[in-house]
Protein chains: 2
Amino acid sequence: MADSVQKVTDAEVAEYKKQIPTWIILEPDGEKRLEYVYKFKDFATALAFTNKVGELAEAEGHHPAILTEWGSVGVAWWTHTIGGLQHLDFIMAARTDEAYKAFQES
Amino acid sequence: MADSVQKVTDAEVAEYKKQIPTWIILEPDGEKRLEYVYKFKDFATALAFTNKVGELAEAEGHHPAILTEWGSVGVAWWTHTIGGLQHLDFIMAARTDEAYKAFQES
């Protein structure tokens, strides 16, 4: 069930959200999204991280919105086909956090 | 004057805008921005174009916001330090259009 395209319940949101405490849930177009903005020292570093997130997305075949600016990368995960969040979105958010940690240490 | 950091006048906006007819002027945070959304066949191609825009930005030392999604790249040019648009923003928008044309032909 975790990998089926099924909207998470409120109880699941509460549980899964514990794994990604810094992310916030927004609902910009009536669809819940997980969003977080990572900070970087300049534009080139931000763009390099954008590409890392792109690799994660392509590997899973699930794609976020990525807002690249000087010194920051905003990432939003959600599933448009179900109009909200599935378990995979939380997994991808956690993987993005892991990628950021590895990126900072590299 | 064209390259000094000076806000464009309404007359200049009207003139410069003719060179980038597809772009729209938005004012999301009280600061006018030039915005356009380019379409692509998939995520990887969109991300490749994001990197092209990044090259343009780094070459000029002027950086946009780039929203990368599956099949699209939204680009916004403006100058935060003056709270709006300078001539360079219009030039960068035109260069982005040229980069898109070259990218499509490559």
Side-chain angles (χ1 to χ4, degrees), chain A residues 5 26 28-86 88-89 92-93 95-96 99-100 103, chain B residues 5 26 28-86 88-89 92-93 95-96 99-100 103:
Chain A
V5 181
L26 294 178
D29 300 310
E31 295 184 356
K32 281 196 174 69
R33 301 180 185 202
L34 295 172
E35 299 202 9
Y36 187 69
V37 180
Y38 298 93
K39 298 294 182 184
F40 300 92
K41 65 178 179 182
D42 56 23
F43 182 82
T45 313
L47 184 56
F49 184 68
T50 291
N51 283 285
K52 290 285 177 197
V53 178
E55 286 172 23
L56 280 181
E58 287 288 86
E60 186 61 45
H62 189 52
H63 301 88
I66 313 173
L67 182 62
T68 311
E69 297 189 79
W70 193 97
S72 74
V73 174
V75 181
W77 290 102
W78 82 105
T79 302
H80 182 63
T81 49
I82 58 168
L85 297 167
Q86 60 170 316
L88 180 60
D89 293 305
M92 296 309 287
R95 284 185 194 163
T96 311
Y100 180 70
F103 184 81
Chain B
V5 181
L26 293 178
D29 300 310
E31 295 184 355
K32 281 195 174 68
R33 301 180 184 201
L34 295 172
E35 299 201 8
Y36 188 68
V37 180
Y38 298 93
K39 298 295 181 183
F40 299 92
K41 65 177 179 182
D42 57 23
F43 183 82
T45 312
L47 184 56
F49 185 68
T50 291
N51 282 284
K52 289 287 176 194
V53 178
E55 286 172 23
L56 279 180
E58 287 289 85
E60 186 61 45
H62 189 52
H63 301 89
I66 313 173
L67 182 62
T68 311
E69 297 189 79
W70 193 98
S72 74
V73 174
V75 181
W77 289 102
W78 81 106
T79 302
H80 183 63
T81 49
I82 58 168
L85 297 169
Q86 59 171 316
L88 181 60
D89 293 306
M92 296 308 288
R95 284 185 193 162
T96 311
Y100 179 71
F103 184 82

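What you see is a predicted model, and the numbers here were worked out from it, not measured in a lab. Note that these values count all heavy atoms, side chains included, but never hydrogens, waters or copies made by symmetry. Lettering of chains follows the sequences in order, A, B, ..., and the numbering in each one begins at 1.
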Review point. From A:L85 CG over to A:L88 CG, what is the distance, rounded to the nearest 0.5 angstrom?
Key: 10.5 Å
Review point. Where on B:A57 is there a heavy atom nearer than 4.5 Å to chain A: the side chain, the backbone, both, or neither?
Key: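 Contact with chain A: side chain only.
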Review point. Would you say A:V73 and A:V37 make side-chain contact, with heavy atoms under 4.5 Å?
Key: no
Can you list every donor-acceptor pair under 3.5 Å that links chain A to chain B?
residue	atom	partner	partner atom	Å
A:N51	OD1	B:N51	ND2	2.8
A:N51	ND2	B:N51	OD1	2.8
A:I66	N	B:T68	O	2.9
A:I66	O	B:T68	N	2.8
A:T68	N	B:I66	O	2.8
A:T68	O	B:I66	N	2.9

Exercise for review: Return the minimal non-hydrogen interatomic distance between B:L47 and A:G54, and the atom names on each side.
Suggested key: CD2-CA, 3.8 Å
Revision key, fill the gap. Looking only at heavy atoms, the pair that brings B:A46 and B:G71 closest together is CB-N, 4.3 Å
